[in-house]
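Quantities reported herein were computed from a predicted structural model and do not represent experimental measurements. In the text below, chain A, chain B and the rest are named by the order of the sequence lines, each starting its count at 1.
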Protein chains: 2
Amino acid sequence: MTESKAVERDPESVSRFVEHFAAQLVEAGLPRMPARVFAALLASDSGALTSAELGEQLRISPAAVSGAVRYLAQVHMLSREREPGSRRERYRVHSDQWYTALTNREAIIKRWENALRDGVAHLGAETPAGRRLSETLAFFEFIEKDVAEMMERWRVYREERFG
Amino acid sequence: MTESKAVERDPESVSRFVEHFAAQLVEAGLPRMPARVFAALLASDSGALTSAELGEQLRISPAAVSGAVRYLAQVHMLSREREPGSRRERYRVHSDQWYTALTNREAIIKRWENALRDGVAHLGAETPAGRRLSETLAFFEFIEKDVAEMMERWRVYREERFG
DNA sequence: CGGCACTTTCAGAAATTTGTGAAGATAAGG
DNA sequence: CCTTATCTTCACAAATTTCTGAAAGTGCCG
């Protein structure tokens, strides 16, 4: 080590990580601003930042912060906290919260399942297309149950490894 | 039943399903044209259609079909088949193929993991932010292993239910 | 080889999405 | 109450994405 102190938070280093990780999230389908805001929170020491801090660090307008935060709250990747005795709000990532959010394609999958059931009904369960749809549907139903169990296993594992 | 015959493929009915299901896929982040093409294939009896058939059914230009197909092939949601003795190509959904494609966020997750490892290294494993990143990384590593096992269970289950 | 039946590529028009500044709400503190 | 700090909403400019028609490949078949 060339540094004598424990690691200092080098803003540029943090920023590099934030932008890089955000880019990966964007590639996975998250809109740009929400991705950047989320990455910034993830890389913060406290796990929570104010709108002003986010705006400054990411060089974006309050309006952009507001929009990104609304998006993230909606998909449960972040929660809002009121700072008592101030109108300043604080946005936080709760680890568990966002794990579930990620696996919480559940709502989406539910709607896929419904659409598929419709399809089977309209096309006829005994047609080739109907059968294909049925199998797809069965896949999602299977996955859904199993994912729930998997998350349970993760909670157990996490408990013993991270307390 | 008012119809005497087994179910007839009512084009309008098929189209309704296709558009509806495609809409759900779009909401999950798939681009519009690929979603429509994929849904059309899913709802076809043969499970495979030519470019011309797709263009006609969806009322889109050959160029649009070409673009959508390229996209879907790239993410392994479809395979191309040459019709022997013709330059006509046939695009097919293989059931299993697209299950794996869906869970094949794997490639994406790999890159997330790498970005997170970088982050831990640069921010310091013993900082609060570093620890948060580590835990997130552990989550993905855990998930990854477990998803593989889950897919194996699905294959077994599918075998016995659908042959 | 040359025609034909398809497919892909490309440049640009049209639609959509994003981010901003400015104006409007909300509520704490004097 | 009025001021001030903070967040949200809105209308619009800018960037990006999506589709199309037209032109250019590609390779089967006579």
Side-chain angles (χ1 to χ4, degrees), chain A residues 15 18-19 22-41 44 46 48-75 77-93, chain B residues 15 18-19 21-41 44 46 48-75 77-92:
Chain A
S15 174
V18 167
E19 297 305 335
Q24 309 296 97
L25 295 175
V26 166
E27 231 169 304
L30 212 61
R32 170 185 295 275
M33 284 293 143
R36 296 180 70 208
V37 165
F38 184 76
L41 283 171
S44 70
S46 60
L49 297 171
T50 65
S51 171
E53 290 168 329
L54 285 168
E56 188 191 6
Q57 190 183 332
L58 302 174
R59 310 301 215 75
I60 57 180
S61 70
V65 174
S66 175
V69 158
R70 176 176 33 198
Y71 178 99
L72 290 169
Q74 206 144 32
V75 299
M77 289 176 72
L78 147 162
S79 63
R80 298 151 179 265
E81 299 177 355
R82 261 304 185 358
E83 257 181 6
S86 160
R87 34 233 153 315
R88 187 178 298 167
E89 211 151 15
R90 188 162 277 269
Y91 309 112
R92 151 159 286 131
V93 271
Chain B
S15 174
V18 167
E19 296 305 334
F21 192 63
Q24 309 295 98
L25 294 175
V26 166
E27 232 169 303
L30 213 61
R32 171 184 294 275
M33 283 295 144
R36 297 179 70 206
V37 166
F38 184 76
L41 284 170
S44 71
S46 60
L49 297 172
T50 65
S51 172
E53 291 168 327
L54 284 168
E56 187 192 6
Q57 190 183 330
L58 302 175
R59 310 299 215 76
I60 57 181
S61 70
V65 174
S66 175
V69 157
R70 175 175 35 196
Y71 178 99
L72 290 169
Q74 206 144 28
V75 298
M77 288 177 72
L78 149 159
S79 63
R80 298 152 179 266
E81 299 177 355
R82 260 305 186 354
E83 258 183 4
S86 160
R87 35 235 151 313
R88 186 178 300 166
E89 212 150 13
R90 188 162 280 269
Y91 309 112
R92 150 160 287 132

Atom pairs, N/O to N/O, protein against nucleotides 21-24 of chain C, distance under 3.5 Å?
none

Atom pairs under 3.5 Å: protein N/O with N/O of nucleotides 26-30 of chain D:
{"from": "dG27(D)", "atom 1": "N2", "to": "Arg87(B)", "atom 2": "NE", "distance (Å)": "3.1"}
{"from": "dC29(D)", "atom 1": "OP1", "to": "Gly85(B)", "atom 2": "O", "distance (Å)": "3.2"}

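Nucleotide dA5(D) holds its C1' atom 13 Å from the CD atom of Glu89(A), rounded to whole Å. One atom, CZ of Arg88(B), and another, C1' of dT8(C), lie 17 Å apart when rounded to the nearest Å. In this structure, Arg90(A) places its CZ atom 15 Å from C1' of dC7(D), rounding to the nearest Å. One interatomic measurement links the two molecules: CD of Glu81(A) to C1' of dC7(D), which rounds to 16 Å at whole-angstrom precision. The separation between Glu56(A) atom CD and dT6(D) atom C1' is 16 Å, rounded to whole Å. Atom CD1 in Ile60(B) sits about 20 Å away from atom P in dT17(D), given to the nearest Å.
Within the 4.5 Å cutoff, the side chain of Leu41(B) has heavy atoms near those of the Tyr91(B) side chain. Residues Met77(A) and Val93(A) have side chains not in contact (no heavy-atom distance under 4.5 Å, counting atoms from C-beta outward). Residues Gln57(A) and Val18(A) form a side-chain contact, since some pair of their non-hydrogen atoms from C-beta on lies under 4.5 Å apart. Val69(A) places a side-chain heavy atom less than 4.5 Å from the side chain of Arg80(A).
The side chain of Arg80(B) contributes no N or O atom lying less than 4.0 Å from OP1 or OP2 of dC6(C).
DNA chain C is contacted by Arg70(B) of residues 67-74 of chain B, taking any non-hydrogen atom closer than 4.0 Å. For the segment residues 23-37 of chain A, the set of residues with a heavy atom within less than 4.0 Å of an atom of DNA chain D is empty.
The environment of Glu56(B) atom CD is sparse: at most 12 non-hydrogen atoms of other residues, nucleotides or ligands sit within 6.0 angstrom.
Going from atom CZ of Phe38(B) over to atom CG of Leu25(B) covers 7.0 Å, rounded to the nearest 0.5 Å.
Here the closest non-hydrogen pair linking Pro34(B) and Leu72(B) is O-CD1, 3.5 Å. Among all heavy-atom pairs drawn from Ser46(B) and Arg92(B), the shortest one is O-NH2, 3.2 Å. Here the closest heavy-atom approach between residue Leu54(B) and residue Ala40(B) is recorded as CD2-CB, 3.9 Å.
Sorted by first then second residue, the side chain to side chain donor-acceptor pair (under 3.5 Å) pairs that include residues 59-71 of chain A, not counting sequence neighbours, number zero. Residue pairs meeting the side chain to side chain donor-acceptor pair (under 3.5 Å) criterion with at least one member in residues 22-36 of chain A, sequence neighbours excluded, are Glu19(A)-Arg36(A), Glu27(A)-Arg111(B).
The main-chain N or O of Ser51(B) is never found under 3.5 Å from a side-chain atom of Arg90(B) such that the two would form a donor-acceptor pair. Counting only distance, with no hydrogens or angles, the side chain of Glu53(A) and the backbone of Thr50(A) share a donor-acceptor pair below 3.5 Å.
Each of dT8(C), dT7(C), dC19(D) was ranked by its minimum atom distance to the side chain of Ser51(B); first place goes to dT7(C).
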